[in-house]
Amino acid sequence: MTLENLNEKQQEAVKYTDGAALIIAGAGSGKTLTLTYRIAYLIESGVNPFNILALTFTNKAAQEMKERIVNLVGNRAKDIWMGTFHSVFAKILRIEADHLGYVSNFTIYDTEDAKNLIKNIVKDMNLDDKVYNKSFVYGRISSAKNNLYSPQDYLDSVEISSSDRANGKPYIGHIYKEYNNRLRRNMAMDFDDLLFNMNVLLVSKADLLLKYQEKFKYILVDEYQDTNFSQYNIVKKLSARYRNICVVGDDAQSIYAFRGANIQNILNFQKDYPESKLFKLEQNYRSTQNIVNAANSVIEKNFDKIDKKVWTSNEEGVKINYNELPSDREEAKWVCDIIRNRISNNDAKYGDFAILYRTNQQSRSLEEKLRLMGIPYRIYSGLSFYGRREIKDVLAYFRLVVNNSDDEAFLRIINFPSRGIGDTSLNKLKLFAQENNLSLFSTAETMLQNVGLGAKAYNNVINFCTMIRLFSNRVKQEDAFSLGEEIIRESSIIKYWKDDEDPSSDERINNIEELINAIKAFVETEENEILDEATGEEINIEDKTLDVFIQQASLMSEMDRDDKENENKVSLMTIHSAKGLEFPYVFVTGMEENLFPSNLSLTDNADMEEERRLFYVAMTRAKKELLLASSKSRFRNGQIVCNEKSRFIDEINEKYIKTIVSKEEKSFNDSPFFNNKKTSFNNYSSNKTSFKQNVGNIKKMDNLPKGIVEENILNLKDFTLGLRVYHEKFKEGKILSLEGEGDNMKADVDFENFGIKKLVLRFAKLKLIKEN
DNA sequence: AGGTACTTATAGAGT
DNA sequence: ATAAGTACCT
């Protein structure tokens with residue numbers, strides 16, 4: 001294997017294989033490349049891939065890195081354990097579940113499940129749910145777990161109990177205790193438990209600690225700056241025997257303190273491992289000089305950091321473009337116009353663009369405009385696929401089938417779709433289960449005569465239990481696809497949504513179908529056997545069964561999903577999700593005080609430094625061009641708010657930035673593609689009250705078509721030749737020809753003022769013009 | 001028991 | 001703006 005692709009510093013880091021190593025990798029410094037080569041090099045120099053553990057930030061990153069290593073050293077690299085902290089330790093907990101009093105097919109609760117459980121506990125304990133707000137309580141419990149405080153530790157801590165009492169919330173410790181009891185009763189773990197219980201395992205079972213220390217002789221941790229205490233401690237324990245630990249990170253990119261990440265982990269690494277060697281990768285291969293220098297000028301304002309100087313030998317590039325716009329709609333339009341312009345003038349493609357923002361809700365106005373302008377995009381954040389209601393419903397069926405103790409899943413589906421089991425019956429069932437310390441399902445299955453239900457409800461419950469039981473018996477016999485498909489069919493969830501009038505139901509059905517495809521893909525991927533080195537036993541922990549699928553699915557984020565459609569789309573995501581990615585053209589929208597930096601970070605200096613690091617991450621995603629936008633007013637939570645431009649704009653050294661303040665009249669002259677002023681504004685008339693503060697910017701549309709524009713967008717099947725249609729931008733036109741089918745359907749349309757355009761009808765949003 | 005209409009909470013990033 | 005929860009009617 002040759003290392004000639006690597007620079008000198010990178011090569012040094014690759015070759016220093018034994019002992020502790022700290023790699024400080026500046027933004028764009030070829031970190032992934034270095035890590036990839038380092039692991040390949042380890043294998044080449046005789047390390048058994050079974051003995052390597054690599055912890056990455058997303059599962060997708062792990063998957064991609066593994067593929068690259070396979071390309072370098074061949075298939076044996078597949079035996080490396082690589083994935084996120086949560087997924088790797090979930091896998092180990094699956095194997096070792098009985099040591100903790102769990103079953104191996106335990107359920108993993110996501111944040112929503114966990115908060116619902118908390119809400120139920122607060123209700124059962126007769127506490128005020130406003131005082132014990134579920135999100136607040138969840139946050140307290142989560143940070144307790146991440147700092148390895150058990151419920152008893154929590155209750156025993158004088159410091160914590162006095163601070164909770166001072167806040168008027170003395171019972172959080174009790175809720176925490178009951179929360180953990182219920183999780184255990186449900187055979188469930190929350191995200192933090194995956195790490196907490198791994199710690200428990202390593203502390204309480206000396207033989208297991210030794211087993212995994214021997215297994216993971218070489219440990220690599222990516223994004224080390226974003227590890228929390230619980231993660232830090234696992235790594236410390238596992239590496240204690242061989243001390244072959246390599247951590248990679250950049251303190252300047254630490255952006256997860258809010259969920260317990262501790263930047264001190266990376267800052268203190270050299271104290272923890274005095275023998276460690278430090279490597280600094282400072283040459284940036286990603287961005288232009290302007291971008292690198294501008295980002296440096298911002299991050300300089302932070303106090304708490306490791307000294308380094310990121311530089312580049314790339315070309316100078318164009319200046320950062322900052323535009324101050326009147327409203328979020330104008331902001332979205334500016335972004336779209338630039339995308340159009342760069343595509344026609346710079347030979348860029350849609351996939352070269354990313355639009356970043358601080359908060360998920362900002363995607364809405366952008367999405368609207370992108371759709372209107374027929375620009376293909378994909379959102380990588382927001383409600384994750386597996387968080388959608390219809391998907392969670394299906395997964396609840398799976399969960400109950402796999403783990404009959406999961407009361408939360410039981411409650412979610414016992415009467416959805418409705419099968420005649422109402423609140424009265426359910427309350428009786430709950431009461432009986434509670435009094436006899438049984439799960440709801442086993443109560444329903446074995447004790448139903450004693451519960452005292454009406455005849456109708458009784459039979460309905462029996463039928464439900466029979467269905468679930470028959471499926472449960474098949475979990476280990478069948479693959480996830482054949483069983484999952486049948487469960488979905490039997491549940492009648494699809495029928496429920498088909499009967500529903502709401503137009504969004506179609507989308508829900510699509511999503512369920514996509515879930516079925518995902519199960520299929522899961523079943524079809526290669527099976528990996530895991531060798532238990534201590535016993536020499538080959539454990540087939542990755543059977544393609546339903547229980548494995550749902551455990552894996554609960555740890556999937558939006559970033560981990562592949563898009564089966566073509567990849568050439570504009571990416572929309574939060575800055576947090578953009579970590580580790582790069583794009584030729586990057587927009588950062590919403591550069592306003594109270595939004596970015598967030599209003600919640602204004603009073604605390606450490607929080608403000610984290611916001612600044614976040615901005616640094618955003619800036620350094622860009623390869624060729626960085627474009628910033630702020631808006632004087634924008635919709636937030638249903639109303640218009642006005643903010644000054646972000647302080648971060650002024651922190652950029654002015655040598656590297658060019659500012660435009662868009663006057664209404666010449667907002668979009670930057671874009672020769674759409675410099676026809678007559679058409680630069682949209683018809684906002686559909687929006688009733690909310691534009692009062694915005695009207696200065698809204699023009700009456702001048703070239704209204706003759707005839708009446710129908711309100712609804714034309715359905716794909718309704719297009720015919722010669723139809724008179726209305727387009728938001730090109731106005732009035734006539735269909736000349738049609739081609740393609742379904743989503744690929746295109747038309748040549750002759751527009752009165754714009755000539756003939758080829759439009760993809762799925763995006764064009766054409767409306768019918770009726771004669772008057 | 002099930003469905004609809006109104007009220008209320010939520011509005012920071014995500015494994 | 002939106003989702004979820006509650007009150008009330010069939």
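Below, all heavy atoms of this structure are taken into account, side chains as well, without hydrogens, waters or symmetry copies. Convention: sequence-line order gives letters A, B, ...; per-chain numbering from 1.
- Put simply, CG on A:Leu411 is 16 Å from P on C:dA4, counting in whole angstrom units.
- Nucleic acid contact class of A:Arg636 (heavy atoms, under 4.0 Å, all strands): none.
- Figure legend: cation-pi geometry between A:Lys169 and A:Phe136, with NZ or CZ positioned under 6.0 Å from the six-membered ring centre and within 45° of its axis.
- Residue contacts for A:Phe85: at a heavy-atom cut-off of 4.0 Å it reaches no nucleic acid atom on any strand shown.
- Atom-to-atom, CG of A:Asp423 to C1' of C:dT6 comes out at 11 Å; the value is rounded to the nearest Å.
- Between the CD1 atom of A:Ile640 and the P atom of C:dA1 there is a distance of 10 Å, rounded to whole Å.
- Annotation: of the two residues near DNA chain B, A:Thr84 and A:Tyr496, the 5′-most nearest-nucleotide partner is A:Tyr496.
- Across all strands shown, A:Thr58 has no heavy atoms under 4.0 Å from either base or sugar-phosphate atoms.
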(Q) Between A:Tyr256 and A:Phe258, is the ring pair (Phe, Tyr, Trp, His ring centres under 6.0 Å) condition met? List the steps. (A) CA-CA 5 Å; A:Tyr256 279 97; A:Phe258 73 90; 5.5 Å; yes
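- When each of A:Asn599 and A:Ile421 is assigned the nucleotide of DNA chain B bearing its nearest heavy atom, the one mapping closer to the 5' terminus is A:Ile421.
- Contact annotation for A:Lys130: backbone-only contact, meaning every heavy-atom pair under 4.0 Å involves sugar-phosphate atoms and none involves a base.
- Cation-pi check for A:Arg378 over A:Tyr380 is met; the charged atom lies under 6.0 angstrom from the ring centroid and within 45 degrees of its normal.
- Rounded to an integer number of Å, the gap from A:Glu390 CD to C:dA4 P is 11 Å.
- Within the nucleic acid shown, A:Ser554 has no heavy atom closer than 4.0 Å to any nucleic acid atom.
- In this structure, A:Glu611 reaches the bases: a heavy-atom distance under 4.0 Å links it to at least one base atom across the strands shown.
- Heavy atoms of A:Asp192 sit nowhere under 4.0 angstrom from any nucleic acid atom.
- A:Lys119 comes within contact range of the sugar-phosphate backbone alone, with a heavy-atom separation under 4.0 Å but no base atom that close.
- Backbone-only contact: A:Thr424 has heavy atoms under 4.0 Å from sugar-phosphate atoms and none from a base.
- For DNA chain B, the span of nucleotides reached by chain A at under 4.0 Å from its heavy atoms goes, 5' to 3', from B:dA1 to B:dT15.
- As rounded to whole Å, 19 Å separates atom P of C:dA1 from atom CG of A:Asn360.
- The nearest heavy atom of DNA chain C to A:Arg364 and to A:Arg389 marks one nucleotide each, and the one closer to the 5' end goes with A:Arg364.
- Cation-pi check for A:Arg389 over A:Phe416 is met; the charged atom lies under 6.0 angstrom from the ring centroid and within 45 degrees of its normal.
- The aromatic rings of A:Phe398 and A:Phe549 lie perpendicular to each other, with more than 60° between the two planes, well past the 30° mark.
- For A:Lys579 and A:Phe57, the positive end sits near the middle of the six-membered ring, less than 6.0 Å away and at most 45° from its axis.
- Between A:His576 and A:Tyr357, the distance from one ring center to the other does not fall under 6.0 angstrom.
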